[in-house]
Amino acid sequence: MKQLLINLLKFALFLSVGLGILYYLYTDYSGKYLIDCMAEGRTEAECNFADKLVNDLKSAKPFWIFMVFVTFTISNLSRAVRWKMLLKPLGRNARLVNTFFCTMIGYFTNLFLPRAGEVIKAGTLSKYENVAVEKVMGTVVLDRLLDLISILIVTVLSLVLEYNKIWSYFGEPVTKFFGEKGMFILLVLGGLLVGAILIGYFFRSAFSETKFYQKIVGILLGFKEGIMSIAKLDNIPMFLFHSVMIWFMYFMMVYCSFFAFEPTSHLAPIVALLAFVFGAWGIVIPSPGGMGSYHYLTILVLGMYGISEFDAASFSNISFCTIQIGTNISFGILAFTIIGYLNRNYKPQALNHAG
């Protein structure tokens, strides 16, 4: 009961963050849209921003929305294959259907409890493949580390390709901000880091004797075995291929979304790359699916390329509802519904060369 209450409070907190950002954006754009719309000679009744968002969502082209689902599926099939490859050195030739649907369960859970999806998908796979959950969790941690490396690479690539555009748009405000507040921020962060190091040093002996410490050490050893599975891969080129495919298909999801909405259908692939990168960082914010932060950062990028903030808001709404809500909810519900049935007669067998 206590854990349920904690989870409900977490969900309420994360949801409030996302809704707060959305409310700010909506109220800001709603007022601006009313002024601009009425300046064109239309009536106040015709200038409702909520109506525009709904009508633009309805106008999205079904074929390109379907293609978003296709690219989403391809991306996560590659993720499932990559996860299967990481599990093999642990002694399990896991079923692809299990790694795929457990991944979908993780995405679905993250919509309601950000970051909890990794734990749920590890626990679910552990149940059906009969692998120690801490070892599975180690592969999940490794998967997330690989994602972090990937997003950093893609971010650097986009910054290099569009350096002049990004700097002309953000350079002066960023320089001014850090010029005024940078030293204070660095001092605060430095003080917190030094404080944490000193506390850990002076209390290290007492802490190492606690049951909590011993439990953490045991879990970390399991994590280590899962993480080190990357050193035992039997097909590194195929592993790298699927790692690239995951992120290329993520990019294609955004690019297909461009074609689904008329005002963005003319934009070049480089714009989709930048929108993808900014949106991906927005999803890192702990709100359901990046709600609010995804919208805000996507709107910023499209504004750099001449898309009005009102059309950019509509696009962010279309892509969010399709990518973060439509795909994750539909596949997540499907996964929860059929994974037990698919494993009803399945008995995992250990590989002889495990270890």
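Quick note: residue numbers are just sequence positions, from 1.
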Might you work through the side chain to side chain contact (heavy atoms under 4.5 Å, CB included) test for F315 and I307, ending with a clear yes or no?
CA-CA 10 Å; F315 171 80; I307 304 299; over 6 Å; no

From F320 CZ over to L22 CG, what is the distance, rounded to the nearest 0.5 angstrom?
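Rounded to the nearest 0.5 Å, the CZ-CG separation comes to 7.0 Å.
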
If you measure from CG on L300 to CD on E309, what distance do you get to the nearest 0.5 Å?
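Output value for this atom pair is 10.0 Å.
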
Whether F310 and F49 hold their rings parallel, tilted or perpendicular, with breakpoints at 30° and 60°:
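Plane angle over 60°, so perpendicular.
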
Y107 vs F72 aromatic rings, parallel, tilted or perpendicular, using cut-offs 30° and 60°?
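Y107 and F72: tilted rings.
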
Working for side chain to side chain contact (heavy atoms under 4.5 Å, CB included), residues F276 and Y255:
CA-CA 8 Å; F276 156 59; Y255 195 39; over 6 Å; no

Is it true that L159 and V254 fall in one hydrophobic cluster, defined by side-chain heavy atoms closer than 4.5 Å?
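Linked, L159 and V254 end up in one cluster.
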
Would M85 and L240 show up in the same hydrophobic cluster when neighbours are defined by side-chain heavy atoms closer than 4.5 Å?
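They do share one cluster, since a chain of ILVMFWY contacts under 4.5 Å joins M85 to L240.
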
Does the side chain of [X] come under 3.5 Å of the side chain of [Y] through a donor N or O and an acceptor N or O?
| X | Y | value |
| --- | --- | --- |
| N98 | N343 | yes |
| S78 | H242 | yes |
| W281 | T155 | yes |
| T71 | Y250 | no |
| T103 | W83 | no |

Ring-ring centroid check F278 Y294, cutoff 6.0 Å:
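Distance test on ring centres: not under 6.0 Å, no.
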
Donor-acceptor contact below 3.5 Å, side chain [X] vs main chain [Y]:
| X | Y | value |
| --- | --- | --- |
| T264 | F258 | yes |
| R92 | L87 | no |
| T109 | G117 | no |
| N55 | D51 | yes |
| N76 | R79 | no |
| E46 | T43 | yes |

Taking everything shown except K127 itself, do over 12 heavy atoms lie less than 6.0 Å from its NZ?
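Atom NZ in K127 is not crowded, with 12 or fewer foreign heavy atoms closer than 6.0 Å.
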
Heavy-atom count around Y296 OH within 6.0 Å, excluding the residue itself: above 12?
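Atom OH in Y296 is not crowded, with 12 or fewer foreign heavy atoms closer than 6.0 Å.
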
Dump the intermediate steps for side chain to side chain contact (heavy atoms under 4.5 Å, CB included) on L334 and F101, then the final yes or no.
CA-CA 8 Å; L334 177 64; F101 281 123; 4.0 Å; yes

Inspect the contact between D56 and K52 and indicate whether a charged nitrogen and a carboxylate oxygen are less than 4.0 angstrom apart.
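So K52 pairs with D56 through a salt bridge.
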
Going by an N to O cut-off under 4.0 Å, is there a salt bridge joining D147 and R82?
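Salt bridge between D147 and R82, a charged N being under 4.0 Å from a carboxylate O: yes.
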
Is R95 close enough and on-axis enough to Y346, meaning under 6.0 Å and within 45°, for cation-pi?
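Yes, R95 lies over the aromatic ring of Y346.
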
